[in-house]
Amino acid sequence: MEGKKFNPKKLEKLNNIERLKDIPPEFIRKAVGLVNVETLVDIGAGTGLFSVALLNEFKCKTVYACDLSDIMIDWMKENIVTKYSEIIPLKSDETKVPLSDDIAELAVMISLHHELNEPEVVLKDVYRILRKGGKLLVIDWKKAEMNEGPPLDIRVCPDLVKKQLLKAGFENIQVFDGLKKHFAIIGDKR
């Protein structure tokens, strides 16, 4: 179902700084509880707004900003990489992150889960790229009527995401409800 994917022609919406108020980077840092994040993977990075914010928040050495869209990858190469050499845009596909096993301490999927056609396959691949003790943070829109975000019928409930994380091998699943428009779920790789 391609209608679930964000339209890359609307990429300027992804650069709206208000998104960082809705999902503050400091909330992410506190929620994941990791002190040392040398390598972070931003899956579904879009224009890299959160890649930049999390690079600064965690003082990462490397942030892999993965996206399906050539438009987004090219935009990041032209507008982000020139300012932040630690950010490496990577073209990914729906189910595979083009990185080696055990490469990152933290992976994030922000406002992406509702777009996935095969979420369990994606989550298993994210598990593969995380180091032992690494964490995946999934943040997505609450399944509630509001004036922004994707259509209600494609939004997912936290309970479903939690089940999918467990099935992919993640443990110690924590659900956070401290955001107004979004839910957050963290899973650990043991």
Side-chain angles (χ1 to χ4, degrees), residues 20 23-46 48-68 73 76 80-81 84-140 156-179 182-190:
L20 297 176
I23 307 170
E26 57 273 10
F27 168 85
I28 293 172
R29 181 179 39 78
K30 289 176 184 172
V32 299
L34 292 174
V35 177
N36 186 21
V37 178
E38 289 186 15
T39 304
L40 183 144
V41 181
D42 184 359
I43 301 163
L49 179 73
F50 283 98
S51 297
V52 171
L54 296 175
L55 168 72
N56 292 327
E57 189 68 30
F58 286 103
K59 311 294 185 232
C60 304
K61 290 184 180 176
T62 306
V63 174
Y64 293 102
C66 303
D67 206 276
L68 295 172
I73 296 295
M76 285 189 285
I80 299 294
V81 174
Y84 302 95
S85 61
E86 305 92 340
I87 296 178
I88 302 169
L90 285 178
K91 172 91 163 120
S92 59
D93 68 31
E94 171 76 20
T95 59
K96 183 97 171 111
V97 181
L99 292 168
S100 303
D101 294 358
D102 308 313
I103 196 168
E105 293 86 15
L106 178 61
V108 298
M109 294 170 46
I110 299 175
S111 299
L112 174 72
H113 198 85
H114 68 274
E115 293 185 6
L116 300 176
N117 292 318
E118 298 179 83
E120 290 172 5
V121 175
V122 177
L123 295 173
K124 284 181 184 176
D125 200 52
V126 174
Y127 187 89
R128 176 190 61 77
I129 66 167
L130 288 171
R131 293 181 181 145
K132 188 175 181 180
K135 295 178 183 272
L136 168 62
L137 170 67
V138 176
I139 295 179
D140 214 321
V156 294
C157 294
D159 286 344
L160 176 61
V161 178
K162 182 177 180 177
K163 288 176 188 170
Q164 293 167 340
L165 285 167
L166 288 167
K167 194 169 183 182
F170 288 94
E171 298 178 16
N172 192 29
I173 310 295
Q174 300 173 61
V175 180
F176 296 86
D177 196 32
L179 300 170
H182 302 83
F183 64 84
I185 299 181
I186 297 171
D188 296 348
K189 179 176 181 176
R190 299 281 178 177

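Start at 1 with the first residue, then count along the sequence.
Between G46 and M76, the shortest heavy-atom contact is O-CE, 3.4 Å. Considering every non-hydrogen atom in both F176 and A31, the closest pair reads CZ-O, 3.8 Å. Pairing each heavy atom of G133 with each of L34, the nearest pair is O-CD2, 4.5 Å. Nearest approach of I73 to A65, heavy atoms of both residues: CD1-O, 4.1 Å. When all heavy atoms are compared, the tightest approach of T95 to V122 is CA-CG2, 3.9 Å.
Residue R131 holds its CZ atom at 5.0 Å from OG1 of T39, rounded to the nearest 0.5 Å. Separation of atoms CD1 (I43) and OG (S51) is listed at 10.5 Å; rounding is to 0.5 Å. In this structure, CG in D93 is found 12.0 Å from CG in D67, a value given to the nearest 0.5 Å. A distance of 5.5 Å separates CD1 in I129 from CG in L99, rounded to the nearest 0.5 Å. Residue I87 holds its CD1 atom at 12.0 Å from CG of L90, rounded to the nearest 0.5 Å.
Residues forming a side-chain hydrogen bond (donor to acceptor under 3.5 Å, both in side chains) with N36 (at least two apart in sequence, or on another chain): none. For Y127, the ring pair (Phe, Tyr, Trp, His ring centres under 6.0 Å) partners at least two apart in sequence or on another chain are F170. Every residue two or more places apart in sequence or in another chain that forms a side-chain hydrogen bond (donor to acceptor under 3.5 Å, both in side chains) with D140 is listed here: H114. Take H182 and apply the side-chain hydrogen bond (donor to acceptor under 3.5 Å, both in side chains) test, not counting sequence neighbours, and it matches no residue.
By the neighbour-count criterion of 12 heavy atoms within 6.0 Å, atom NZ of K96 is densely surrounded, having more than that number from other residues, nucleotides or ligands.
Contacts classified as side-chain hydrogen bond (donor to acceptor under 3.5 Å, both in side chains) and involving residues 159-176 (residues at least two apart or in different chains) are given here: H113-Q164, E120-K167, N172-D188.
For the pair I103/Y64, a side-chain contact is recorded, criterion being any heavy-atom separation below 4.5 Å from C-beta on. A heavy-atom distance below 4.5 Å is found between the side chains of L68 and E94. Using a 4.5 Å heavy-atom threshold, the side chains of L179 and P24 count as touching. At least one side-chain heavy atom of I28 sits under 4.5 Å from a side-chain heavy atom of I110. Using a 4.5 Å heavy-atom threshold, the side chains of V41 and C66 count as touching. In this structure, E115 and L112 have side chains that are in contact, with non-hydrogen atoms separated by less than 4.5 Å.
Considering V108, L20, I139 as possible partners of F50, the one that fulfils the side chain to side chain contact (heavy atoms under 4.5 Å, CB included) test is L20.
Put simply, the side chain of E105 gets close to the backbone of E38: a donor and an acceptor are under 3.5 Å apart. K189 places no side-chain N or O within 3.5 Å of a backbone atom of K135 that could act as its donor or acceptor partner.
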Requested in this report: With side chain to side chain contact (heavy atoms under 4.5 Å, CB included) as the test, would you mind laying out the steps for D125 and R128 before giving the verdict?
Outcome: CA-CA 5 Å; D125 200 52; R128 176 190 61 77; 2.7 Å; yes
Kindly list each side-chain donor-acceptor pair under 3.5 angstrom involving residues 52-62, sequence neighbours excluded, with atom names and distances?
{"unit_1": "N56", "atom_1": "ND2", "unit_2": "V52", "atom_2": "O", "d": "3.3"}
{"unit_1": "E57", "atom_1": "OE2", "unit_2": "R29", "atom_2": "NE", "d": "2.5"}
{"unit_1": "E57", "atom_1": "OE2", "unit_2": "R29", "atom_2": "NH2", "d": "3.1"}
{"unit_1": "K59", "atom_1": "NZ", "unit_2": "N56", "atom_2": "O", "d": "2.7"}

